[in-house]
Amino acid sequence: MNWKAVLYGFLASIIIGLVSGLGLPFTDATLPAIGAGVTGLIAGAVAGYVNNWTLGSDALHGGVATVIGALVVAVILTFIGTLGAGVFGLGAGIALLVAVAIAAIPGAIGGAIGGYLHGGRRDDATRTTA
């Protein structure tokens, strides 16, 4: 497992997940909300691009990075929702955790796309083992 690729995809997932839909200070405007599918595609593409090994490996790294990122965002939003809405926030958070597993699908697709876009594959001699 290339943890550097997973970390980059994870960070992309966290940044997109938390920034999306936040209000801009001193304005009534909000940033456009980006859905979980697009977030997964982007974060997966980042992980696949950094991994750049095989199509299956890139897809795996994209899926893992997206799921870890979605899990962290879900926990943060559940905590904030529970503080603001009590039991309703907790119930919505549990439903959000179910959606985390579904996030692996666009993450894997994005990982495959990112690895494909990076182009040249590394050979076995340059692959590091963990």
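Everything numeric here is computed off the predicted structure, so don't read it as measured data. Starting from 1, each residue takes its place in the sequence as its number.
In this view, Val64 and Met1, Val6, Leu60, Ile68 satisfy the side-chain contact (heavy atoms from CB on, under 4.5 Å) rule, not counting sequence neighbours. Every residue was checked against the side-chain contact (heavy atoms from CB on, under 4.5 Å) condition with Val75, not counting sequence neighbours, and none meets it. Applying the side-chain contact (heavy atoms from CB on, under 4.5 Å) criterion to Ala108, with sequence neighbours excluded, gives Ala59. By the side-chain contact (heavy atoms from CB on, under 4.5 Å) test, Ala104 pairs with Val67, sequence neighbours left out. With sequence neighbours excluded, the residues satisfying ring pair (Phe, Tyr, Trp, His ring centres under 6.0 Å) with Tyr49 are His118.
The two residues Ser13 and Ala70 have their closest heavy-atom pair at OG-N, 3.7 Å. Residue Ala65 comes nearest to Ala47 through the heavy atom pair CB-CB, 4.0 Å, listed as atom of the first residue, atom of the second, then distance. Contact detail for Ile14 and Gly69: the closest heavy-atom pair is CD1-O, 3.6 Å. The shortest heavy-atom contact between Pro106 and Gly37 is CB-O, 3.4 Å. Taking all atoms of both residues into account, the shortest heavy-atom contact from Ala112 to Leu55 is CB-CD1, 3.5 Å.
If you chain together hydrophobic residues whose side chains sit under 4.5 Å apart, Val38 and Ile102 never meet in one group.
Checking side-chain atoms of Asp58 against main-chain N and O of Ile113 turns up no donor-acceptor pair under 3.5 Å.
In this structure, the separation between CD1 on Ile16 and CG on Leu11 is 11.0 Å, given to the nearest 0.5 Å. Rounding to the nearest 0.5 Å gives a distance of 12.0 Å between NE2 of His61 and CG of Leu7. In this structure, Ile15 CD1 and Ile42 CD1 are separated by 11.5 Å, a value rounded to the nearest 0.5 Å.
Contact annotation: the side chain of Asn51 approaches that of Ser57 to within less than 4.5 Å [non-hydrogen atoms, C-beta and beyond].
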